[in-house]
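Shown next, in structure tokens, is the structure this report addresses.
Remember, it's a predicted structure, so these values are computed and weren't measured experimentally.
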Amino acid sequence: MQAGKPDARLSKDEYYLGIACAVAARSTCLRRRFGAIIVKNDAIVATGYNGPARGVINCAEVGCLKDETNMPEYKGYDYCTAVHAEENAIINAARHGTSVLGSTLYIYGTYAKTGELTEAQPCDRCKRALINAGIDIVVIKAKDGSVRKINTGDWVYEDSENYRRSMANARKQ
């Protein structure tokens with residue numbers, strides 16, 4: 001920074017991803033921490049992080065069942081009591097009667113042990129929830145540190161094509 005010149009201003013995407021990163025710090029997950037914020041008309045309308053349902057014990061209290069059973073990342077969702085960050089953001093908006101139709105969701109993830117960035121790619125369940133909630137765009141920080149924007153409409157096509165392929169394979173058997 002030169003004398004008399006202001007610091008470079010963060011882009012809106014970096015600003016909101018930074019807030020999502022701060023939200024992720026509330027997660028009780030011992031593996032990965034995710035934070036999500038929903039922005040509508042340039043205002044944050046809801047936040048969420050991955051963790052169990054309200055009042056349910058969490059991994060920080062008793063340990064991680066997925067670690068105990070050597071479950072790989074992004075597998076074994078039935079083992080875990082966590083509600084995903086995207087889901088919690090949608091749920092928190094609903095609890096307060098806030099519409100998320102036409103909004104953007106920002107999601108940021110880190111590894112719990114190291115604090116390193118992990119790409120916060122929504123799982124299939126969360127993709128479907130985001131589509132049904134009416135969220136138009138999802139913004140993530142990619143592994144290389146770049147900002148990536150995803151149109152949820154693309155997931156409608158992908159999910160439909162995956163289902164068609166699965167159905168065709170099932171009929172061949």
Side-chain angles (χ1 to χ4, degrees), residues 6-61 64 66 73-74 77 80-156 158-159:
D7 287 332
R9 192 171 184 200
L10 283 177
S11 71
K12 288 275 177 118
D13 290 336
E14 291 286 356
Y15 168 70
Y16 288 129
L17 284 166
I19 295 169
C21 178
V23 172
R26 288 281 305 150
S27 172
T28 55
C29 182
L30 299 177
R31 287 180 158 204
R32 288 182 320 276
R33 295 181 175 156
F34 294 99
I37 65 169
I38 299 174
V39 176
K40 186 172 179 178
N41 299 323
D42 207 21
I44 298 169
V45 297
T47 68
Y49 53 86
N50 59 319
R54 294 168 192 265
V56 175
I57 59 169
N58 64 64
C59 294
E61 295 172 322
C64 174
K66 289 168 84 172
E73 288 187 0
Y74 296 103
Y77 292 127
C80 184
T81 61
V83 179
H84 293 184
E86 306 96 315
E87 294 170 314
N88 269 326
I90 293 167
I91 291 164
N92 287 333
R95 285 175 67 95
H96 296 282
T98 303
S99 171
V100 297
L101 196 61
S103 62
T104 299
L105 180 127
Y106 292 82
I107 184 162
Y108 193 96
T110 62
Y111 286 98
K113 290 181 178 131
T114 65
E116 270 182 73
L117 173 70
T118 181
E119 191 165 292
Q121 183 64 247
C123 70
D124 288 341
R125 183 180 77 198
C126 286
K127 287 177 181 180
R128 293 175 188 133
L130 294 165
I131 291 165
N132 279 358
I135 293 170
D136 291 337
I137 303 291
V138 172
V139 181
I140 66 170
K141 186 78 125 177
K143 285 182 183 177
D144 65 4
S146 65
V147 173
R148 192 156 61 102
K149 292 184 181 187
I150 305 159
N151 184 324
T152 59
D154 294 342
W155 292 338
V156 173
E158 289 171 16
D159 209 24

Do [X] side-chain atoms and [Y] backbone N/O form a donor-acceptor pair below 3.5 Å?
X      : Y      : result
Thr118 : Tyr111 : no
Lys40  : Gly102 : no
Thr81  : Pro52  : no
Asn41  : Ala43  : no

If you define the side chain from C-beta out and look only at heavy atoms, does anything of [X] sit under 4.5 Å from [Y]?
X      : Y      : value
Ile44  : Tyr16  : yes
Tyr108 : Thr110 : yes
Tyr106 : Ile19  : no
Cys29  : Cys59  : no

Work out which heavy atom in [X] is nearest to a heavy atom in [Y]; give both atom names and the distance.
X      : Y      : value
Ile107 : Leu17  : O-CD2, 3.5 Å
Ala24  : Gly35  : CB-N, 3.3 Å
Pro122 : Cys126 : CB-CB, 4.1 Å
Ile90  : Ala133 : CD1-CB, 3.9 Å

Checking [X] now: which residues fulfil side chain to side chain donor-acceptor pair (under 3.5 Å) with it, not counting sequence neighbours?
X      : value
Ser146 : Asp144
Asp154 : none
Lys12  : Asp42
Ser103 : none

key: ring pair (Phe, Tyr, Trp, His ring centres under 6.0 Å) against Phe34, all qualifying residues, sequence neighbours excluded   = none
Looking at [atom1] of [X] and [atom2] of [Y], how far apart are the two atoms once the value is rounded to the nearest 0.5 Å?
X      : Y      : atom1 : atom2 : result
Lys127 : Trp155 : NZ    : CH2   : 6.0 Å
Ile38  : Leu105 : CD1   : CG    : 5.5 Å
Asn58  : Leu30  : CG    : CG    : 8.0 Å
Tyr15  : Arg9   : OH    : CZ    : 9.5 Å
Asn50  : Thr28  : CG    : OG1   : 7.0 Å

key: Qualifying residues under side chain to side chain contact (heavy atoms under 4.5 Å, CB included), relative to Arg148, sequence neighbours excluded   = Glu119, Gln121, Ile140, Ile150
message = Going by side chain to side chain contact (heavy atoms under 4.5 Å, CB included), name the residues that satisfy it together with Ala22, two or more places apart in sequence or in a different chain.
response = none
Would you mind listing every side chain to side chain donor-acceptor pair (under 3.5 Å) that reaches into [range], with sequence neighbours excluded?
range            : value
residues 29-38   : Arg31-Asp67
residues 84-93   : Arg54-Asn92, His84-Arg125, Glu87-Arg125
residues 133-143 : Glu14-Lys141

Residues in salt bridge (Lys or Arg N to Asp or Glu O under 4.0 Å) contact with Lys149, at least two apart in sequence or another chain = Asp13
query = Excluding sequence neighbours, so at least two apart, what forms salt bridge (Lys or Arg N to Asp or Glu O under 4.0 Å) with Glu116?
reply = none
query = Ion pair present between Arg128 and Asp159, side-chain N to carboxylate O less than 4.0 angstrom?
reply = yes
